[in-house]
Amino acid sequence: MVYMIRVAVLLAVLFVTNVQMRKRSVKIEDCTEIIIESGEYYYTSDGTQKETCAVLIIGNPNEVALIDVIAVKANCHLDSTVMVVDGWHMYDSLFPSAFDHPLPASERITPFCTGNVADAMSSPAQIMSSQNNAMIKYRLTRKGERFRIRVRFVENPYPCNSLIMDYEGSVTISNYGMRRNCTIAVMTPAKLNVTSIRVGPQRDLFFKAGNPLFKDCKEEGAADYVEVRQGPQTEIETTELQTISNYCGRTSNTDSLRFVLPCESNAIRLVSSGAFTNQVTFTFDALNPEEASSECEA
C-alpha cells in the first residue's frame with residue numbers, strides 16, 4: 001500500500017517536471033522508481049526494507065520493453081521475492097486489463113526469486129513486455145540481497161495497448177485487422193479530441209443515410225466500437241473505468257467528439273471483432289487549472 005501511494009506522488013512529479021535522462025548502471029534508491037530510459041539498473045538491500053517495492057518501466061506508445069534480468073541473489077526459499085510483471089499492477093488493478101491482453105493474468109508474472117526458484121540465477125533471463133510498460137516487484141529484506149536488470153526499448157510494429165504519461169500528444173490506435181481489444185491509457189486530466197475514426201463496416205444497418213458516425217454501438221449489438229472511459233488514479237484497470245460514450249462508423253469529420261476529462265485515469269478503448277481494420281486517431285492536451293479543478297465523476 002505504501003508503494004502505491006508513492007506511485008501517485010511520482011506520477012504527479014512527472015507531469016510537472018521533465019524527468020532527467022538516466023545514466024547507465026544506475027542504483028535504484030527509492031521503493032518506487034520510474035524508468036523511461038534504456039540502461040542498466042541495480043538494487044542492493046540495506047536490510048531495512050519491510051514492504052514490497054516496484055520499478056515501473058515505461059517507453060513510448062510504439063515500443064515494448066526488453067528486460068534482461070542479469071542477476072538475482074537472495075534467500076528465495078524464505079520471504080524474498082523478485083518478479084517481472086507484463087504491465088503495471090497497482091492499487092489491486094492491472095494494466096492492460098485481462099480483457100485487453102493476449103495472455104492470461106497468471107502468465108504475465110515471471111518470478112525470479114520465490115520458494116520454487118533457486119537462491120541465485122545461473123544465467124541471465126530475458127523478458128519482453130507485450131506493450132510499452134512493465135514492472136519489477138521485489139521484496140528483499142536481508143542486507144546484501146540484490147538484483148540487476150538491463151532495460152531496452154524496441155519498436156513494436158503492431159502496437160495495441162499503451163500507457164501514456166505525457167502532457168499532450170497525438171495517438172493512433174489500430175487493431176491491424178486482428179481480433180483484439182486495444183487501449184490507450186492517458187494518466188492525467190486531459191482534453192481529448194477524436195480527429196478520425198474508422199471502426200466497423202462502411203455501410204451497415206446501424207448507420208443512417210448521411211450520418212457515417214453512430215453512437216451507442218455497443219448497446220445496439222455492434223462487435224466493433226471505440227469507447228471513451230475515465231476514472232480515478234487508483235483505478236488503472238481500464239475496463240473498470242466509467243464509460244462516457246462509445247462510437248462506430250467511418251469519418252474524419254469529428255468536431256463533436258471532444259471531451260473534457262477531469263479524472264486522472266482516462267482511456268480510449270478499441271474493441272475489434274477481427275472482421276475489419278479499425279483505426280482511431282485522437283489528440284490530447286493537459287487541462288488548464290480551471291478545467292482541472294472540475295470534479296471527477298466516476
Side-chain angles (χ1 to χ4, degrees), residues 15 58-64 95-97 99-101 130-133 153 155-204 206-207 210-218 222-231 238-239 241-287 291:
F15 296 136
I58 181 169
N60 294 322
N62 63 337
E63 295 177 330
V64 294
F95 178 85
S97 163
F99 295 98
D100 299 342
H101 201 278
S130 302
Q131 62 289 315
N132 74 327
N133 66 306
F153 296 102
E155 183 179 355
N156 183 359
Y158 303 106
C160 182
N161 299 300
S162 293
L163 192 151
I164 297 177
M165 297 165 61
D166 295 331
Y167 279 119
E168 60 185 10
S170 177
V171 181
T172 296
I173 180 174
S174 175
N175 71 325
Y176 297 94
M178 292 180 270
R179 180 178 181 177
R180 63 179 188 174
N181 303 331
C182 299
T183 297
I184 304 294
V186 179
M187 303 299 289
T188 182
K191 290 178 288 189
L192 190 147
N193 179 27
V194 179
T195 58
S196 176
I197 179 172
R198 190 176 72 227
V199 178
Q202 190 168 7
R203 292 291 178 185
D204 194 273
F206 293 127
F207 304 144
N211 182 17
L213 187 66
F214 195 79
K215 188 178 180 181
D216 299 328
C217 304
K218 179 181 179 180
D224 296 73
Y225 53 89
V226 60
E227 300 176 312
V228 179
R229 291 173 173 252
Q230 71 170 357
T238 49
T239 51
L241 300 177
Q242 178 188 19
T243 302
I244 298 175
S245 190
N246 68 82
Y247 300 89
C248 56
R250 296 178 176 238
T251 181
S252 57
N253 182 19
T254 58
D255 290 338
S256 62
L257 297 186
R258 299 176 183 269
F259 305 89
V260 175
L261 306 174
C263 295
E264 295 178 314
S265 184
N266 305 294
I268 294 287
R269 182 170 184 257
L270 179 62
V271 177
S272 302
S273 65
F276 312 99
T277 298
N278 298 324
Q279 181 173 294
V280 177
T281 299
F282 68 94
T283 62
F284 65 95
D285 296 280
L287 298 183
E291 294 167 324

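Keep in mind it's a predicted model, so treat the numbers as computed, not measured.
In this structure, the side chain of R250 does not engage the main chain of P212 through any donor-acceptor pair within 3.5 Å. Panel note: side chain E155, backbone P157; no donor-acceptor pair is recorded below 3.5 Å. A side-chain donor-acceptor contact under 3.5 Å links N175 to the backbone of G177. A donor-acceptor contact shorter than 3.5 Å links the side chain of N132 to the backbone of G59. Side chain of N246 to backbone of K218: a donor-acceptor contact under 3.5 angstrom is found.
Counting heavy atoms from C-beta outward, I164 and P61 have side chains that approach closer than 4.5 Å. Contact of the F95 side chain with the S162 side chain is not registered, since no non-hydrogen atoms from C-beta on lie closer than 4.5 Å. Considering only heavy atoms from C-beta on, L241 stays 4.5 Å or farther from Q230 through its side chain. Contact check for L261 versus I244: side-chain heavy atoms found under the 4.5 Å cut-off. Looking at heavy atoms from C-beta onward, T243 lies in side-chain contact with R229 at the 4.5 angstrom threshold. Between T251 and I197, the closest side-chain pair of non-hydrogen atoms falls below 4.5 Å.
Listed by chain and residue number, nothing satisfies the side chain to side chain donor-acceptor pair (under 3.5 Å) test with S174 (two or more places apart in sequence, or in another chain). Every side-chain contact (heavy atoms from CB on, under 4.5 Å) that D224 has, sequence neighbours left out, goes to V199, S272, S273, F276, N278. For F99, there are no ring-ring contact (aromatic ring centres under 6.0 Å, His included) partners, not counting sequence neighbours. Take K191 and apply the salt bridge (Lys or Arg N to Asp or Glu O under 4.0 Å) test, not counting sequence neighbours, and it matches E291.
Sparse packing is recorded around OH of Y158, with 12 or fewer heavy atoms of other residues, nucleotides or ligands lying under 6.0 Å away.
Atom CE of M187 is separated from atom CE of M165 by 7.5 Å, given to the nearest 0.5 angstrom. Here the straight-line distance linking atom OG1 of T238 with atom CG of L163 works out to 9.5 Å at 0.5 Å rounding. Interatomic distance, SG of C248 versus CZ of F214, reported as 7.0 Å (0.5 Å rounding). One finds the CZ atom of F153 at 8.0 Å from the CG atom of N60 (value rounded to the nearest 0.5 Å). Interatomic distance, Q131 CD to N62 CG, rounded to the nearest 0.5 Å: 13.5 Å.
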Return a table of donor-acceptor pairs under 3.5 angstrom between the side chains of residues 263-270 and protein atoms on other chains or two or more places apart.
{"from": "S265", "atom 1": "OG", "to": "E235", "atom 2": "O", "distance (Å)": "2.9"}
{"from": "N266", "atom 1": "ND2", "to": "T188", "atom 2": "O", "distance (Å)": "3.0"}
{"from": "N266", "atom 1": "ND2", "to": "C263", "atom 2": "O", "distance (Å)": "2.9"}
{"from": "R269", "atom 1": "NE", "to": "D100", "atom 2": "OD1", "distance (Å)": "3.0"}
{"from": "R269", "atom 1": "NE", "to": "D100", "atom 2": "OD2", "distance (Å)": "3.2"}
{"from": "R269", "atom 1": "NH1", "to": "E227", "atom 2": "OE1", "distance (Å)": "3.2"}
{"from": "R269", "atom 1": "NH2", "to": "D100", "atom 2": "OD1", "distance (Å)": "2.9"}

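Annotation: salt bridge (charged side-chain N to carboxylate O under 4.0 Å, His left out) contacts involving residues 171-183, sequence neighbours excluded, are absent.
Summarising the geometry of S130 relative to N156, their closest heavy-atom pair is O-ND2, 4.2 Å, with the distance given to 0.1 Å. Between F284 and S170 the shortest heavy-atom distance is CE2-N, 4.5 Å. Nearest heavy atom pair, residue P96 against residue N161, reads CG-CB, 3.6 Å.
Screening N181, T239, T183 for a side chain to side chain contact (heavy atoms under 4.5 Å, CB included) with S97, the sole residue that qualifies is T239.
For the 3.5 Å distance criterion, the side chains of T281 and T172 qualify, holding a donor opposite an acceptor.
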